[in-house]
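Numbers here simply count residues along the sequence, with the first being 1. Remember, predicted model here, so these are calculated numbers, not experimental data.
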Amino acid sequence: MKHFHVSMLCLAVALYSGSAFAQHGHMGGSSHDAAASHGSMNSANSGSTHRMTIDQQLSKNTQLSGKIQKLTGMAAQQACDGFKNLGQCVAAAHVSKNLGVSFACMKSDMTGQEAPSGSNCPAGTGTKSMSLGKAIQTLDPNANSKTETKKGTQQANQDLKPSSNS
């Protein structure tokens, strides 16, 4: 009887471990899937950089950090804090500059973080996270959000190309 219980326990552990290892095997792909959900920017986020944090990527790529600072008027790490990935941050920085809308408001809408005090963001800014296109519609209703999203994403992809080769 004792031998039966030990055998069952070993079988249960083996089955549990097998499913845990199977799930682990898919984890590497899940971060790629998360990057893929951001459209064509997944190529810039794949490879060795998809496992680095945004801060690590910015520290490694000082040229990109400088560009983000120039576009947003704030330190790159501060500007990108709260974004799901670096591509989102860079695209938002370009769109805010292209449209002449506050990056702080754009960031707040996209991350769901409260807008900084003193910013002249519309009421409701930062109450929930939204896509770049939706943030454009909210902050500049006269802009063509589809065109501006595409333009900002293309600019971001161009900026991120060197970062994947660094």
Side-chain angles (χ1 to χ4, degrees), residues 26-47 49-166:
H26 295 290
M27 288 181 73
S30 67
S31 61
H32 179 72
D33 293 343
S37 71
H38 195 64
S40 61
M41 280 190 248
N42 66 341
S43 62
N45 292 331
S46 62
T49 60
H50 81 280
R51 294 189 191 270
M52 283 194 270
T53 66
I54 291 174
D55 284 349
Q56 289 170 329
Q57 291 176 64
L58 291 171
S59 294
K60 186 177 178 183
N61 189 339
T62 55
Q63 184 177 359
L64 180 61
S65 295
K67 182 144 199 170
I68 293 168
Q69 185 169 1
K70 183 179 176 186
L71 290 168
T72 65
M74 60 178 73
Q77 280 83 357
Q78 179 187 0
C80 293
D81 182 48
F83 282 95
K84 291 178 184 172
N85 60 54
L86 188 55
Q88 274 190 340
C89 177
V90 178
H94 276 291
V95 169
S96 73
K97 188 72 166 181
N98 295 344
L99 295 177
V101 299
S102 164
F103 176 76
C105 299
M106 179 76 67
K107 174 183 174 178
S108 185
D109 272 344
M110 290 183 69
T111 63
Q113 297 174 346
E114 187 176 326
S117 60
S119 59
N120 294 324
C121 300
T125 300
T127 55
K128 63 178 182 173
S129 61
M130 57 181 71
S131 68
L132 178 59
K134 185 67 177 162
I136 293 168
Q137 289 174 344
T138 302
L139 297 171
D140 189 350
N142 297 323
N144 182 329
S145 63
K146 192 172 188 176
T147 301
E148 294 300 331
T149 297
K150 184 176 180 180
K151 181 179 176 183
T153 300
Q154 288 172 340
Q155 290 172 310
N157 282 335
Q158 193 62 37
D159 290 343
L160 290 169
K161 276 184 184 177
S163 70
S164 63
N165 297 330
S166 296

Checklist outcome for this item: OG (Ser102) and CG (Leu139) are apart, to the nearest 0.5 Å, by 7.5 Å
Checklist entry - Could you give the distance from CE (Met74) to SG (Cys80), rounded to the nearest 0.5 Å? => result 9.5 Å
Checklist outcome for this item: On a heavy-atom basis, the closest approach of Ala92 and Met110 is CB-SD, 3.6 Å
Checklist entry - Taking C-beta and beyond as the side chain, do Gln155 and Asn98 meet within less than 4.5 Å on heavy atoms? => result yes
Checklist outcome for this item: Taking every heavy atom of Ala91 against every heavy atom of Ala156, the minimum-distance pair comes out as N-CB, 3.6 Å
Checklist entry - side chain to side chain contact (heavy atoms under 4.5 Å, CB included) between Val101 and Met106: does it pass, once the steps are laid out? => result CA-CA 8 Å; Val101 299; Met106 179 76 67; 3.8 Å; yes
Checklist outcome for this item: d(Ser65 OG, Gln57 CD) to nearest 0.5 Å is 10.0 Å
Item to check | side chain to side chain contact (heavy atoms under 4.5 Å, CB included) evaluation trace for His94 with Val90 | outcome: CA-CA 6 Å; His94 276 291; Val90 178; 3.7 Å; yes
Item to check | Working for side chain to side chain contact (heavy atoms under 4.5 Å, CB included), residues Leu86 and Leu64 | outcome: CA-CA 10 Å; Leu86 188 55; Leu64 180 61; 3.6 Å; yes
Checklist outcome for this item: Between Asp109 and Gly126 the two heavy atoms that sit nearest each other are OD1-N, 3.2 Å
Next on the checklist: Show the nearest heavy-atom pair for residues Thr125 and Pro122, with the distance to one decimal.
Outcome noted: OG1-O, 2.6 Å
Checklist entry - Between Val95, Thr72, Ile68, which is the residue that forms a side-chain contact (heavy atoms from CB on, under 4.5 Å) with Phe103? => result Thr72
Checklist entry - Any sub-3.5 Å donor-acceptor pair from Gln56's side-chain atoms to Met52's backbone N or O? => result no
Next on the checklist: For Ser145, give me all partners under side chain to side chain donor-acceptor pair (under 3.5 Å), at least two apart in sequence or on another chain.
Outcome noted: Gln137
Next on the checklist: Side chains of Cys89 and Ile54, heavy atoms from C-beta outward: is any pair under 4.5 Å?
Outcome noted: no
Item to check | Where Leu160 and Gly87 come nearest, the two heavy atoms and their spacing | outcome: CD1-CA, 3.6 Å
Checklist entry - Is the closest side-chain heavy-atom distance between Gln154 and Lys150 below 4.5 Å? => result yes
Checklist entry - Do Leu132 and Glu148 touch side chain to side chain, with heavy atoms closer than 4.5 Å? => result no
Checklist entry - Which residues pass the salt bridge (Lys or Arg N to Asp or Glu O under 4.0 Å) test with Lys67, sequence neighbours left out? => result Asp159
Checklist entry - Taking all non-hydrogen atoms of both residues, which atom of Ser129 and which atom of Thr111 are closest, and how far apart? => result CB-C, 3.7 Å
Checklist entry - Counting only N and O atoms by type, is there a donor-acceptor contact under 3.5 Å from the side chain of Ser108 to the main-chain atoms of Ala104? => result no
Checklist entry - Going by heavy atoms in the side chains, are Asn85 and Gln88 under 4.5 Å from each other? => result yes
